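Okay, so here's the structure we're looking at.
For ligands, and for the atoms within them, numbers begin at 1 and follow the listed sequence. Nothing here was measured: the structure is a model prediction, and the numbers come from that model.
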Amino acid sequence: MFRSGRFVADALGDVDDEQVQPNGVDLRLGAVYEQVEPGRIGTDGKTVGERRELDPDEGGDGDEGTAVYRLDPGGYVAGYADTVRIPEGHVGFLYPRSSLLRNSCMLDTAVWDAGYEGRGEGLLEVYHPVELEAGARIAQLVLAEANHADTYDGSYQREGIE
Ligand SMILES: O=c1ccn([C@H]2C[C@H](O)[C@@H](COP(=O)(O)OP(=O)(O)OP(=O)(O)O)O2)c(=O)[nH]1
């Protein structure tokens, strides 16, 4: 069974009311990176390639205090601003906000394991130039009840929060 948005909000702990949706919680954009060196996925482990953090244009549209990423078509890594916590007995799935799709962008995501805690990342595909403001809601996390073997204890545990 998928949990309600209120349940997901309680699991995450620190979200604004506008992030709480009927079936999940919206995650906000934290940072945008561009990969600059190859990574490696092997049979004996993996490495994530070097990336550089993009600078948002400060004061976009003459609006003081806003930080806007103006992205040309390409592949980027998006870091989320919110700390995700997947409670035991659950698995998380993240979907792009549909307004991203409607603007010719896609957010590719993987499985969020029981016990994971951190500010995760996703692959942001941009097919038409787009403006994304830092802190804007770009994705929605849903939680489903699930059996699991152990809990997450991998290299991304507590990423972005230590
Ligand atoms: O789109 C996603 C999906 C998951 N995660 C987080 C939560 C998940 O629990 C963790 C690890 O994901 P996964 O197990 O798929 O990564 P891996 O490459 O197999 O790494 P590890 O060896 O640490 O399990 O990354 C993200 O940041 N983004």
Side-chain angles (χ1 to χ4, degrees), residues 1-5 7-16 19-21 23-54 56 69 71 73-127 130 132-162:
M1 187 190 80
F2 281 85
R3 297 296 204 157
S4 70
F7 181 95
V8 181
D10 289 344
L12 268 53
D14 185 23
V15 299
D16 295 341
Q19 291 176 258
V20 184
Q21 302 298 321
N23 299 99
V25 162
D26 284 345
L27 297 191
R28 298 168 300 180
L29 178 63
V32 179
Y33 305 89
E34 195 171 44
Q35 188 159 346
V36 293
E37 294 288 344
R40 183 172 197 278
I41 297 186
T43 55
D44 57 349
K46 85 275 183 185
T47 55
V48 175
E50 284 295 314
R51 70 267 290 269
R52 84 178 172 91
E53 183 171 350
L54 301 191
Y69 294 98
L71 301 177
Y76 303 87
V77 176
Y80 305 111
D82 303 286
T83 300
V84 169
R85 295 182 184 85
I86 309 297
E88 291 193 23
H90 293 81
V91 61
F93 300 105
L94 190 67
Y95 294 92
R97 197 172 161 192
S98 89
S99 296
L100 266 190
L101 312 178
R102 298 167 202 270
N103 277 304
S104 306
C105 298
M106 182 59 187
L107 197 53
D108 299 302
T109 69
V111 171
W112 297 71
D113 302 286
Y116 169 86
E117 184 179 10
R119 291 201 171 100
E121 299 181 341
L123 172 61
L124 177 63
E125 299 177 42
V126 174
Y127 292 102
V130 70
L132 299 178
E133 190 177 332
R137 293 175 290 116
I138 59 167
Q140 181 171 180
L141 179 76
V142 298
L143 285 177
E145 287 184 288
N147 296 326
H148 49 85
D150 302 326
T151 52
Y152 183 70
D153 190 26
S155 57
Y156 305 116
Q157 185 66 304
R158 298 192 60 78
E159 63 183 327
I161 54 174
E162 285 181 330

Only one of Phe7, Trp112, Phe2, Tyr152 passes ring pair (Phe, Tyr, Trp, His ring centres under 6.0 Å) with His90, and that residue is Phe7
What's the shortest distance from atom 25 (O) of ligand 1 to any protein heavy atom, and which residue and atom give it? Tyr116 CE1, 4.0 Å
Check whether any side-chain heavy atom of Val142 lies under 4.5 Å from a side-chain heavy atom of Val8, and answer yes or no. no
N or O pair under 3.5 Å between Ala110 and ligand 1: yes
Between Thr83 and Glu117, is there a side-chain heavy-atom distance shorter than 4.5 Å? yes
Can you pull out the closest protein heavy atom to atom 27 (O) of ligand 1? Residue, atom name and distance to 0.1 Å, please. Glu121 N, 3.0 Å
Quick one: does Leu100's side chain get under 4.5 Å of Val130's, heavy atoms only? no
For Glu159, the ligand 1 atoms whose distance to one of its heavy atoms is below 4.0 Å: 27 (O)
Just by modelled atom types, is the Arg97 backbone N or O under 3.5 Å from a matching donor or acceptor in the Arg137 side chain? no
List every atom of ligand 1 that sits less than 4.0 Å from any heavy atom of Gly120, numbering the atoms from 1 in the order shown and giving each element. 27 (O)
Check whether any side-chain heavy atom of Tyr116 sits under 4.5 Å from a side-chain heavy atom of Glu159, and report yes or no. yes
Note: heavy atom closest to atom 14 (O) of ligand 1, options Ile86, Val111, Leu107, Asp113, belongs to Asp113
Please report whether atom 19 (O) of ligand 1 has a protein non-hydrogen atom at a separation of less than 4.0 Å. no
Residue, atom and distance of the protein heavy atom nearest atom 16 (O) of ligand 1 read Tyr156 CE1, 4.1 Å
Output yes when the distance from some N or O of ligand 1 to some N or O of Lys46 is under 3.5 Å, and no in every other case. yes
Ligand 1 atoms nearer than 4.0 angstrom to some heavy atom of Ser155 are 23 (O)
Based purely on interatomic distance, does Asp108 place a nitrogen or oxygen under 3.5 Å from a nitrogen or oxygen of ligand 1? no
Using a strict 4.0 Å cut-off to heavy atoms of Gly154, name the atoms of ligand 1 that fall inside it. 23 (O)
Compare all side-chain heavy atoms of Leu132 with those of Val32 and state whether any distance is below 4.5 angstrom. no
Atom 23 (O) of ligand 1 has as its nearest protein heavy atom Tyr152 OH, 2.5 Å
Any heavy-atom pair between the side chains of Tyr80 and Leu141 that's under 4.5 Å? no
Donor-acceptor pair, distance only, cut-off 3.5 Å: does the side chain of Asp82 make one with the backbone of Arg28? yes
